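Model, not experiment: these values are computed from the prediction. A, B, ... follow the sequence lines: proteins, then strands. Residue 1 opens every chain.
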Amino acid sequence: EPMNIVFTHHSSASNPFWQAVKKGFDDACEKIEANCQMIFTQTEGAIDQQAANMMAALARNPDALLTSIVDNNAFDEILQGAVDNGVITMAVNVDDTEGAAGNARQAFIGQGFVPAGYSLGKAMSEFFPAEGPIKAVVGISAPGQNWSEQRGAGVMQFLEEFKEANPDREVEIVRLDTGTDGAVVAERVGAYINANPDTTAYFDTGLWHAYVAQVLADRGIEPGKVLMGGFDIVAEVLQQMEAGYIQVQVDQQPYMQGFIPVMQAYLAHTVKLSPSDVDTGQGIVRAEDVPALWDLAKQGLR
Amino acid sequence: MKRLLKIYMEKPELAGIAFLVLLAIVFQVRSGGVFLNLQNLQGILGLLPEMALVAIGVTLLMICGEFDLSVGSVFALTPMTMAVLLEGGMPFIFAFSIGLCVALLIGFVNGYLTIQFNIPSFITTLGMLFVARSITVVISGGFPPLLPNGAIPKWLFTSYVGPGDLIRMSFVWFLAFAILIALLLSRTNFGNWVRATGGFLPAAQSMGIPTKRVKIATFMICSFLAGFAGSIQVMRLGAPLPSIGEGMELQAVAAAVIGGTALTGGIGTILGGIIGATLIRVIDNGLVLSQVDANWFKMALGALTVFAVILNAWLRKKAKSIKVETGK
Amino acid sequence: MKRLLKIYMEKPELAGIAFLVLLAIVFQVRSGGVFLNLQNLQGILGLLPEMALVAIGVTLLMICGEFDLSVGSVFALTPMTMAVLLEGGMPFIFAFSIGLCVALLIGFVNGYLTIQFNIPSFITTLGMLFVARSITVVISGGFPPLLPNGAIPKWLFTSYVGPGDLIRMSFVWFLAFAILIALLLSRTNFGNWVRATGGFLPAAQSMGIPTKRVKIATFMICSFLAGFAGSIQVMRLGAPLPSIGEGMELQAVAAAVIGGTALTGGIGTILGGIIGATLIRVIDNGLVLSQVDANWFKMALGALTVFAVILNAWLRKKAKSIKVETGK
Amino acid sequence: MTAPIIQVKNLHKWYSGVHALKGATLDFRPNETVGLVGDNGAGKSTLINILSGTQAPSEGEIYFEGRKVSFKGPRDAMDEGIETIYQYNSMVPTMSIARNMFIGREPIKYGIGGIGILDTKRMAEESVQAIADVDLHLRSPDALVGELSGGQRQGVAIARAMHFKSKVMILDEPTNHLAVKETRKVIGFVQSLKSLGITGIFISHNIHHVFECCDRIVAMARGEIVLDKPVGETNMDEILDVL
Amino acid sequence: MTAPIIQVKNLHKWYSGVHALKGATLDFRPNETVGLVGDNGAGKSTLINILSGTQAPSEGEIYFEGRKVSFKGPRDAMDEGIETIYQYNSMVPTMSIARNMFIGREPIKYGIGGIGILDTKRMAEESVQAIADVDLHLRSPDALVGELSGGQRQGVAIARAMHFKSKVMILDEPTNHLAVKETRKVIGFVQSLKSLGITGIFISHNIHHVFECCDRIVAMARGEIVLDKPVGETNMDEILDVL
Ligand SMILES: Nc1ncnc2c1ncn2[C@@H]1O[C@H](COP(=O)(O)OP(=O)(O)OP(=O)(O)O)[C@@H](O)[C@H]1O
Ligand SMILES: Nc1ncnc2c1ncn2[C@@H]1O[C@H](COP(=O)(O)OP(=O)(O)OP(=O)(O)O)[C@@H](O)[C@H]1O
Ligand SMILES: [Mg+2]
Ligand SMILES: [Mg+2]
């Protein structure tokens, strides 16, 4: 009898990152001939919808439930219920910030938002000019939404530490509401950089800085003048990395995040091996890694 | 007989109920019997009050001839206010009341601006959508505060009750409000004023109805219900997320329209709005259970929504063409 | 003189322009002179056509008495269709045409369902919002295709032209469409029909206007413009994301209303819609330049939008109270 | 001569770009029925709209029973005892006849603060009675006003005004759309106002009707009052002449 | 006797729950002016709405010049040469007088496929002329219809119909709201239809007017035709009796 596996998360179907996760998920399911379903939300970051989807899916009594845990409390009761019912339950992509202590889930596959933001900031700092003031802009794509706020917070956490570590340098941090529409982000950040040509770096909490790069290229601003970095890999991002506009990108290996938990669930279901945490990689991508990524990106593997 | 059928079929809510039954059967089959099992019904009925309360308010307001796009933001702001105050050590009853007062205040501002400057409520409340959401994020500082343990009387709002633990307390609240507002609309003079104000404003005015006050009151009721619904959701989830309720504005209007409320005002019933909200929730839940592929999910959702309204229109047309003198 | 002032002030577009000037001054000061510099204007004018084209279509449709909430999805679907075909090796001209035909088809379906079943276009197009978005995701397979290098005649759509490279070719297209549609509305019999259909449907029908065909045509024009605008954006950005245009439906309606279009139909001008769209973009841009913190950004956006409409209403009221016989 | 119940002094009304009322000065005495006649667009409806509070004058004063009043809305005028049948816009098409009859003045059982449960039984009964009083045959008080014929709708408006008769009764072209019998009823009603001690203002384009039921005739043209004479001192030809 | 231009056979109309027209059978002969009278709600407007294509009959047949026709909409009826003044609903309040005059029949310069540039100059001129023809004094053809007085609005509707006069002219209570002079104009117009070779259907509650300008009188009551006689063979009392 095939396994029933359900994957719920907080993102909508038009998000390429989660489409890559879905691909990994579907491919893995095919391998083990499981009956699989990934449930997107209607609007990006709708945790209440995610909770509703989870409840509906659990009514079917699946063998395994995979989910992103983007809030420390919202899913506690539901997941506890699932675990009590013997459903194999794993966190994927994002975990409770308290880890295993904060939630009944059995394992976590992925990398949290805050650490991811932190490592983005850290990787980017290697490109910072050796001296002089630093003006960093953090684009909060969706104020109030967990994924965006936490990634932003991770970046800012690093920047604050950087500031403390370099008391002689002037470090300014600006938070902007940049939005989640490529054109709007490009226009807003473009306008900002235009008004503040001394901007050192722009951090996006999504992948919309690729469009900012377009605007800069359009204006004849040379690559590297404003450092840029963000999250997730899609074709445009790779293009702009090759062009030199984007220095650092965090890639959590979405395909792996879809694939691995299915395998773990399979093992847990068939031979009762208990699932364990998997770090899908710091996933920092730099320009030199791009050529190797092109093919994978085309196949939707990264 | 024919006459009863006709009167019955002309009620816009009826088509909704018929479609609901139809869907239940389809989903029950497609989901292999899961749709109507206890756990799933529990799930549906547990979530329904939140959506339905908002739909009730929006329906009432639409009957009064106005829009409220800010319900989703009020849905988030009220519980956030409450949570922030709770975190600061205030007792539940005060924190909750202040949260609801904020909702009332927003409703008042919506109504006041709309009426004082004679501008479309579409714009006032669209602006309020942004403003209230922004306040929510600002007071939360971007991160949801923790609800202190035990601060919330769960037994009063979210515990399971009833036979087989089928419903939550929130459902009881929802029923109470639904009955109250339905009676208000159909049985009181205030309800008459609401309907007249939305039906034909010049007539309502010239017959001496205090249309301005009626509109402001309706805006406040709508906002209050949205805030109450949001609070229930937050108590259920245990986390006051600043992003809840996004996109709710269109859903609530859709629920009202599916239930037969006219966008132009004057026509509609509270029951219709509730049925509309139920339909939306059932379609959503049923599609998940039917394992519709993620990429096609929205398509099915959109198509079924439109279909619900088409069926509604079609049934009424059929009803109208039954040739019986109803003596009306 | 007084008479001219009065006639002038009664035009709803005028308040928009006045507010625009006011905002420009404020932002120019607050941004330390950056707001009106060449590059920033380039940025505003480069993005404006996309938003404004959608607003034009929605304004026209609203004057005709209908809504279109699906513009955002069509905005994404048309270029996605084009991109998928281009990737498959089809020449630009065919791929682009097919993309636009898809937009027209969606407009037709919106109109047909609305009219055939006599249901509110709010619902039809809300359903279409989901359906078209779903199709976009499905045909892209979830991953945005890359536009093949050199496949797009950039000179025709997105290159800079004009003195100081101030505008893009897209602006020229936008102007052309704006003038065309504005003339269509104000100078042709078709425009007369659109206005009559939206102004008072029973009268339009009883005077023999083919209201059904007029509505369907208007739905198609609206969809077409949204698709065209989306294509321009994708050509400019070089990549068709399946998520572009989300939330555009409310913005476009807001633009129309800010520009003086009535939600009930019959009243409004194309110029008004354009000014509304410009205001929205300018507010957005100016707030960024003024370094408003992320959490407060939406608040400023919402408040300024409402203020624009209040000012508009206030100016017209003042104009009306000027006591001059205009001979009208 | 008794003191006037309503005094209008130098009333002006500007619509945007139109000077519709140009300094009307006029008295209405208690218990008198005044016929208001005039060309299309003369300003009759504008004048009575101001008296009934639906429009605000641009200039000028109104005295009611000697007190200066300024109506903020129709409610204020109603509270003073002015009841109006408007030329248009007085029915909500999406509501039933019974509800339309009582809009804004619903009989309530157990209410607080003016809000309470509707006494639907009484509403149905009284509206049936009121409609029968104007000789109108309607199917049921639950029919929607929007589904009535033109005359039936006008009939309901008349029935409502007759039911709520007050100190002053303003009728703006009440017989339009009405059939012969109903028209007779309305004329009869206007004639009876005197015996009920009600002041009447009757607007009509049918001079015969005006002469039949009014004590005094006021003619307007282009926003001004051009003639104001008791019925006995004028005749149809003079009236037709000034128009 | 000439062949009828319009024949109506056993026409029924059901509104939801109301049987408004119960088998009306009636002929209209070319060049004849028929007066249609009847109580409020008798079904007069329903009958002529069916003839002018705004409503579909539930049952029954219509023949126009001997051919069986079934109008899908008002356009079809207009194309056959039936021009109607409706009791309500024939003006768009948010549009100007000139535009309202020509709605659906705009004169165009350089057009293709029926769509083209409006000839606004001609529209303004002709509408000024048409309005002057009914003795109406209006400020300008650019004024919005929604800002006109009741009578002015009705006058514009009349002017439009007179301007576009056709084979058959249907007038549903055209003199409502009109002042004395304009009313005379309308009566005169109806009388002149005969000499223009136009068939007329005139609905009014004013029996005097009907007798003044019609050749034949048809009375309706409760959805049925209860009397159909030439003017010469009946008199006012008989008519008032059957109503
Ligand atoms: N849309 C509708 N829905 C339901 N009933 C209607 C509708 N329109 C008219 N009726 C009913 O049909 C009957 C005939 O109406 P109609 O308008 O034809 O009367 P009429 O003879 O023109 O009367 P009037 O002289 O008052 O204009 C009336 O009883 C009316 O209530
Ligand atoms: N809302 C408005 N805006 C602009 N002008 C208006 C408005 N209402 C009325 N008018 C104008 O004011 C003048 C007086 O109108 P009013 O309705 O008082 O006339 P009336 O005497 O009642 O005419 P009728 O006998 O035709 O009803 C007319 O010229 C009319 O066009
Ligand atoms: Mg009048
Ligand atoms: Mg009639």
Item checked: From CZ (C:Phe130) to CG (B:Leu301), nearest 0.5 Å ->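 Answer for the CZ-CG pair, C:Phe130 versus B:Leu301, is 5.0 Å.
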
Item checked: Spatial distance of atom OG1 (C:Thr114) from atom CD1 (B:Ile310) [nearest 0.5 Å] ->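 Output value for this atom pair is 9.0 Å.
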
Quick one, C:Val131 with B:Lys298, criterion side chain to side chain contact (heavy atoms under 4.5 Å, CB included). Give me CA distance, side-chain angles, the key distance, then yes/no. CA-CA 6 Å; C:Val131 171; B:Lys298 275 195 176 169; over 6 Å; no

On a heavy-atom basis, which atom in [X] and which in [Y] lie closest, and how many Å separate them?
{"X": "C:Pro120", "Y": "B:Val257", "value": "CG-CG1, 3.5 Å"}
{"X": "C:Asn295", "Y": "B:Gly141", "value": "ND2-C, 4.5 Å"}
{"X": "C:Phe117", "Y": "B:Ala313", "value": "O-CB, 3.4 Å"}

field: Heavy-atom pairs under 4.5 Å with chain C, option from B:Ala132, B:Gly302, B:Gly247 with the top count
entry: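 Going by pairs under 4.5 Å, I would pick B:Gly302.
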
Could you look at [X] and say if it's the side chain, the backbone, both or neither that has a heavy atom under 4.5 Å from chain C?
{"X": "B:Gln116", "value": "neither"}
{"X": "B:Ile135", "value": "both"}
{"X": "B:Trp296", "value": "both"}

### Task
Ignoring hydrogens and angles, tell me if any N or O in the side chain of B:Ser134 forms a donor-acceptor pair with the backbone of C:Ala300 under 3.5 Å.
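Looks like no, no N/O pair under 3.5 Å.
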
For the candidates C:Asn118, C:Thr136, C:Leu250, which exhibits the highest count of non-hydrogen atom pairs separated by less than 4.5 Å from chain B?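 Most heavy-atom pairs within the cutoff with chain B belong to C:Leu250.
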
Using a cut-off of under 4.5 Å for heavy-atom pairs, which of C:Leu69, C:Asp293, C:Val253 has the most such pairs with chain B?
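If we count pairs closer than 4.5 Å to chain B, C:Val253 comes out on top.
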
Checklist entry - Applying the side chain to side chain contact (heavy atoms under 4.5 Å, CB included) test to C:Val309, which of B:Ile123, B:Leu126, B:Thr124 qualifies? => result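 With C:Val309 as partner, B:Ile123, B:Leu126, B:Thr124 yield a single side chain to side chain contact (heavy atoms under 4.5 Å, CB included), made by B:Ile123.
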
